[in-house]
Visitor: 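Quick one: the structure is below, and I'll ask about it shortly.
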Amino acid sequence: MPSSKAKTNLTGPESEHSKIHIERFIMSLLKSLDEKFPLERQLGIAAAPVVLINLFALDAADESGFLDAWTDDAHFMKQQPGFISTQLHRAIGDSPTYLNYAVWDSTEAFRAAFTHPEFVAKLSAYPSSAVASPHLFRKVAVSGICAA
């Protein structure tokens, strides 16, 4: 996931200051799908349920390392309160692009898992070429087509 190899100290008692530091560290590793409304702002909105869509771009040579890191993250996320489900997709053909969606009970549950120090520590396992572009969504009801 990281596009840089920034390091941060995530040990010690969690305080409001360290939570803010963790969120800023994570955001520095991401590329926003909507620069006018980045994930950092989305995390402040109370919504339930929410769907995370995360687009990953990476070098083809890094696919195996990416899959190992993503699998480890998915095992962690599946154990977190509010997690419902996840699915990973690979682009067709020669494109080393992946799309993940994960369903969460609420923005609050996703934020707690996404900023958890154990999850943050796992980010360094991603290949340096991997760039994540996450965004939170809510289902939309369209009469006669789909339910919210």
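Here the structure is a predicted model, which is why all the values come from computation and not from measurement.
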Visitor: Is there a path of hydrophobic side-chain contacts, each under 4.5 Å between heavy atoms of I, L, V, M, F, W or Y residues, that connects Leu33 with Phe56?
Guide: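 No, separate clusters.
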
Visitor: I want to know whether Tyr101 and His89 have ring centres closer than 6.0 Å.
Guide: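 Yes, close enough.
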
Visitor: Honestly curious: do Phe114 and Val51 fall in one hydrophobic cluster under the side-chain, below-4.5 Å linking rule?
Guide: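 Shared cluster, no.
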
Visitor: Do any N or O atoms from the side chain of Thr107 and from the backbone of Ile45 form a donor-acceptor pair under 3.5 angstrom?
Guide: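 Yes.
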
Visitor: Which value, rounded to the nearest 0.5 Å, describes the distance between Phe76 atom CZ and Thr71 atom OG1?
Guide: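 If we round to the nearest 0.5 Å, Phe76:CZ and Thr71:OG1 are 15.5 Å apart.
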
Visitor: Hey, are the side chains of Phe110 and Leu43 touching, using non-hydrogen atoms and a 4.5 Å cut-off?
Guide: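 In short, these two side chains touch, coming nearer than 4.5 Å.
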
Visitor: Starting from Leu58, can I reach Leu88 by hopping between I/L/V/M/F/W/Y residues whose side chains sit under 4.5 Å apart?
Guide: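 Yes: a chain of side-chain contacts under 4.5 Å links Leu88 to Leu58.
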
Visitor: Looking only at atom types and distance, does a side-chain atom of Asn54 sit under 3.5 Å from a main-chain N or O of Ser133, one as donor and one as acceptor?
Guide: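 Side chain of Asn54 to backbone of Ser133, a donor-acceptor pair under 3.5 Å: yes, one is there.
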
Visitor: Quick check: are there more than 12 heavy atoms from other residues, nucleotides or ligands sitting under 6.0 Å from CD of Glu35?
Guide: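 Open.
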
Visitor: Applying the 4.5 Å side-chain criterion to the ILVMFWY set and letting contacts propagate, would Phe37 and Phe137 be lumped into a single cluster?
Guide: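 No, because Phe37 and Phe137 fall into different hydrophobic clusters, even though each may have its own neighbours under 4.5 Å.
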
Visitor: Find out if a path of hydrophobic residues (ILVMFWY) with successive side-chain heavy-atom gaps under 4.5 Å connects Leu123 to Leu55.
Guide: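 Unlinked, Leu123 and Leu55 end up in two clusters.
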
Visitor: Does Gln80 CD have over 12 foreign heavy atoms under 6.0 Å away?
Guide: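 Enclosed: over 12 neighbouring heavy atoms sit under 6.0 Å from CD of Gln80.
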
Visitor: Would you indicate whether the side-chain heavy atoms of Trp70 and Tyr98 approach each other to under 4.5 Å?
Guide: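 Contact flag for Tyr98/Trp70 side chains = no.
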
Visitor: Nearest 0.5 Å please: distance from the CZ atom of Arg41 over to the NZ atom of Lys36.
Guide: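 The CZ atom of Arg41 sits 11.5 Å away from the NZ atom of Lys36.
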
Visitor: Around Arg90, counting heavy atoms of other residues, nucleotides and ligands shown, do more than 12 lie under 6.0 Å from its CZ?
Guide: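 Yes, enclosed.
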
Visitor: Keeping the roles fixed (side chain from Gln42, backbone from Leu136), state whether a donor-acceptor pair exists under 3.5 Å.
Guide: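 Yes, because the side chain of Gln42 sits within donor-acceptor range (under 3.5 Å) of the backbone of Leu136.
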
